[in-house]
Amino acid sequence: MVSEIKSEIQSIRSRISSGESTARLVVESAVNSAEKLNETLNAFLQIDRTGALKRADENPPQSASETPIGISRASLLAGVPIAIKDNICVRGLQTSCGSRILGDYHPPYNATVIERLLGAGAVIIGKTNCDEFAMGSSNENSAFGPVKNPWDVLRVPGGSSGGSAAAVASGIVPVALGSDTGGSVRQPASLCGIVGLKPTYGRNSRYGLVAFASSLDQVGIFGRAVRDVATVLEVIAGRDPLDSTTADVPVPNYSAELTGEIKGLRIGFPRALFGEGLDADVRTAVESAIETYRELGAEIVDVELPRAGYCIAVYYIIATAEASSNLARYDGVRYGFRAEDAPELRSMYRRTRDEGFGPEVKRRIMLGTYVLSAGYYDAYYRKAQQVRALLREDFRKAFESCDAIITPTAPTTAFLLGEKVDDPLAMYLNDVYTVTANLAGVPGLNVPCGLSSDRLPIGFQLLGPYWSESQLFKLADAYERARPFNERPPIYAG
Ligand code: GLN
C-alpha cells in the first residue's frame, strides 16, 4: 500500500546534481510555463525572467550536492523555482497586494521569509495575483482581474492566495508562498487540489508581509507534495528579531520526520461540523479519508468544538477591526498612488483612498471602523475577543483527547466566477472551516483527497495543537502515500 515518497524538490535536486539538468534549465522552463499559462490563468502579476535566470546561474549545480549526513539548509532549495504572493516584499520586484493604492511600489527590502528562501538557493520567478490586501475567498477582489482555476477556467481558484495556488496546481512551480489570515492558503489549496499549510501563529516571521489583520496573519506554503511543503517550512520558520511575535521554538527537521508511521495517533472527528451547508461530494470524500486513516492504524475519536458556530462572526469583526487600523497608512503620502488635482490635504486623502481601494476593502474598513467606534466597541469588538478566547479554549480541550482534528477545508468545490461576488455573506461563509485556526493560532493543513463527480478537487483539513506541524505533516504524508493524488488539471505545464 505504501507508495514512493513524493517530492518534486528532491527530484529537481537530483536532476541537477546528476547533471541531467541545470538550475538554469529548470528555472527557464518554469518561467516559460508561467508566461505561457498566464494568458489563461492570470496567476502572475509580474514574471521576472531576467532576475530569475540570473539567479539560477548563480546557483551552481555543485551547491545542490548531498553530503553523507544530508543536505545542508543552505542548499535545500538550490535551483528550485518558487512563486511569491504579491503581498510579500521581494527587493527589486513589485508589491501591489492586488491593489491600485500601492501604485508602482517596489519595496527596498526583502521579507524575512524571502531572505531565508534565497539563503537556501530558491529562485523567485515572480509575484502572484491575489485578492486586494488578501481580502477574499475567490480572487475576484484583485484590482488586476481574477485568477482562473486550472481545473476549470470558468471557476475561481479560491482566495485570497489564488495566484500562488494556481501556479502550483498548474505545474508552473513546485512550491509557492501565500498568506493565510482566515484560510487564504488552505481554501485555495483545497479548490485547486494541492497541499497548503498555515503554520502556528508565531512560527514564521511576518516582517515584510503586508499587514491585513496582524493577530491572524501568517505566511503559508503551497506544494504538490507534503514533503515539499515541509521542506519549505524548515527553511523559512523560526524566530526573527525583526518580528516580535515570532516564537523562540526550535525548528524541527520536518521532512526527515515523515516516516509514514501513524499507528496509535488519535484523530478528532467533530461530527457537528459535517452537517448543514456541506456539499455531498465533499462530505463523502472527507469521510472516506477518515476511513483511510482508520485503516492506517489511527484512532478516530469524537470531539466537539462547541463555539465553532460563532467563528465567522468573530473573525469578520476582528479581521476588519485590525484591517481598518492597518490600512490607515495608505494615505497618498507614504506609498505609491496619489489622486491627482486634489485642492487640499483632506480631500487628497479622501480621493486617494476612494480611487485606490476596491469595494471589498472599503467595506471592511467601514465595518472595522464601526466595530471599533466608541459606541460599539464593547458590543462588538470586545465581545468578539471574548468569544475568541473561548474558541481557543475549545481547541485546548479537544486536543486533550486527540493529536489532530479533521474537517473539510471548504464547504464546496470551486464555484463559478461571478457566482458569489454580489453576496458578501455567501462569500464569507466559504471560510467557515478555516477561520477557527487563525482565531486560535493553531496550525492547519489542506490535503487533497480526490475529485468530485464533476472533476473538481476536494481537500480535507488537519488542525493540530500549537507547534504540531511535524505531526500534521506526518499524518498528511501517510495519507499521501496510501492515497496519492496524482490527477492533473486540464491546464498543466509541460
Ligand atoms: N477569505 C478570508 C477573508 O476574506 C480569509 C482571507 C485570508 O486568509 N487572507 O478575509
Side-chain angles (χ1 to χ4, degrees), residues 38 42-48 50-51 84-111 114 124 126-136 139-147 159-164 178-179 181 184 206-214 217 219 242-243 319-373 421 424:
N38 214 37
N42 197 26
F44 285 84
L45 295 176
Q46 183 182 15
I47 299 170
D48 182 27
T50 317
I84 308 292
K85 185 177 183 179
D86 206 22
N87 63 350
I88 301 174
C89 294
V90 178
R91 191 173 33 230
L93 301 188
Q94 65 164 56
T95 294
S96 76
C97 296
S99 180
R100 298 217 176 275
I101 205 150
L102 278 151
D104 187 34
Y105 178 62
H106 279 60
Y109 69 103
N110 282 325
I114 298 299
I124 293 165
K127 303 297 297 288
T128 58
N129 200 350
C130 57
D131 282 303
E132 186 172 5
F133 285 101
M135 298 174 185
N139 232 286
E140 292 163 292
N141 297 334
S142 166
F144 307 103
V147 175
S160 62
S161 318
S164 286
S179 67
T181 303
S184 278
R206 288 181 295 113
Y207 178 75
L209 164 68
V210 177
F212 160 12
S214 311
D217 297 340
V219 170
L242 299 173
D243 173 2
T320 56
E322 293 186 19
S324 72
S325 156
N326 274 327
L327 270 56
R329 71 188 65 162
Y330 304 105
D331 55 3
V333 177
R334 296 182 181 85
Y335 298 93
F337 174 77
R338 174 184 296 180
E340 277 168 25
D341 304 326
E344 45 84 42
L345 187 66
R346 278 185 160 271
S347 62
M348 188 281 282
Y349 288 156
R350 244 197 319 268
R351 278 203 211 165
T352 295
R353 289 168 68 84
D354 184 34
E355 293 167 26
F357 288 134
E360 181 62 24
V361 173
K362 287 179 188 162
R363 177 162 31 240
R364 299 210 186 186
I365 292 173
M366 284 191 283
L367 204 57
T369 308
Y370 177 80
V371 299
L372 287 176
S373 62
V421 250

Expected output: side-chain [X] to main-chain [Y] donor-acceptor under 3.5 Å:
{"X": "Asn42", "Y": "Gly145", "answer": "yes"}
{"X": "Glu140", "Y": "Val421", "answer": "no"}
{"X": "Asn38", "Y": "Ala43", "answer": "yes"}
{"X": "Arg100", "Y": "Ala143", "answer": "yes"}
{"X": "Lys85", "Y": "Ser164", "answer": "no"}
{"X": "Asp331", "Y": "Tyr349", "answer": "no"}
{"X": "Ser160", "Y": "Gly136", "answer": "no"}

Apply the test side chain to side chain contact (heavy atoms under 4.5 Å, CB included) to residues Thr95 and Val90: give CA-CA distance (whole Å), side-chain angles for both, the deciding distance (0.1 Å), then the verdict. CA-CA 8 Å; Thr95 294; Val90 178; 6.0 Å; no
Measure the spacing between [atom1] of [X] and [atom2] of [Y] and express it to the nearest 0.5 Å.
{"X": "Asn129", "Y": "Ser161", "atom1": "CG", "atom2": "OG", "answer": "11.0 Å"}
{"X": "Asp217", "Y": "Thr181", "atom1": "CG", "atom2": "OG1", "answer": "3.5 Å"}
{"X": "Ser184", "Y": "Asn139", "atom1": "OG", "atom2": "CG", "answer": "9.0 Å"}
{"X": "Leu372", "Y": "Thr320", "atom1": "CG", "atom2": "OG1", "answer": "7.5 Å"}
{"X": "Asn87", "Y": "Asp131", "atom1": "CG", "atom2": "CG", "answer": "10.5 Å"}
{"X": "Ile84", "Y": "Cys130", "atom1": "CD1", "atom2": "SG", "answer": "12.5 Å"}

Only one of Ser99, Ser142, Ser96 passes side-chain hydrogen bond (donor to acceptor under 3.5 Å, both in side chains) with Glu132; say which it is.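 Single side-chain hydrogen bond (donor to acceptor under 3.5 Å, both in side chains) partner of Glu132 among Ser99, Ser142, Ser96: Ser99.
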Can you name the residues that form a side-chain contact (heavy atoms from CB on, under 4.5 Å) with [X], not counting sequence neighbours?
{"X": "Glu344", "answer": "Arg346, Ser347"}
{"X": "Ala323", "answer": "Met135, Phe212"}
{"X": "Pro359", "answer": "none"}

Salt-bridge present (Lys127, Asp48; N to O < 4.0 Å):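 Not counted as a salt bridge, because no side-chain N and carboxylate O are separated by less than 4.0 Å.
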Minimum heavy-atom distance between [X] and [Y], given as atom pair plus value:
{"X": "Gly163", "Y": "Thr128", "value": "C-CB, 3.7 Å"}
{"X": "His106", "Y": "Gly92", "value": "CD2-O, 3.5 Å"}
{"X": "Ala211", "Y": "Leu327", "value": "O-CD1, 4.0 Å"}
{"X": "Ile114", "Y": "Cys89", "value": "CG1-O, 3.5 Å"}
{"X": "Ala339", "Y": "Arg351", "value": "CB-CB, 3.6 Å"}

Counting C-beta onward and ignoring hydrogens, is there a side-chain heavy-atom pair between [X] and [Y] closer than 4.5 Å?
{"X": "Leu102", "Y": "Phe133", "value": "yes"}
{"X": "Arg206", "Y": "Val219", "value": "no"}
{"X": "Arg353", "Y": "Ile365", "value": "yes"}
{"X": "Gln94", "Y": "Leu45", "value": "yes"}

Test log, rule side chain to side chain contact (heavy atoms under 4.5 Å, CB included), inputs Ile101 and Tyr335: CA-CA 8 Å; Ile101 205 150; Tyr335 298 93; over 6 Å; no
Show your working on side chain to side chain contact (heavy atoms under 4.5 Å, CB included) between Asp354 and Lys362 and close with a plain yes or no. CA-CA 8 Å; Asp354 184 34; Lys362 287 179 188 162; 2.9 Å; yes
Tell me if the aromatic rings of Tyr330 and Tyr105 count as close, with their centers under 6.0 Å from one another.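 No: the rings miss the under 6.0 Å criterion.
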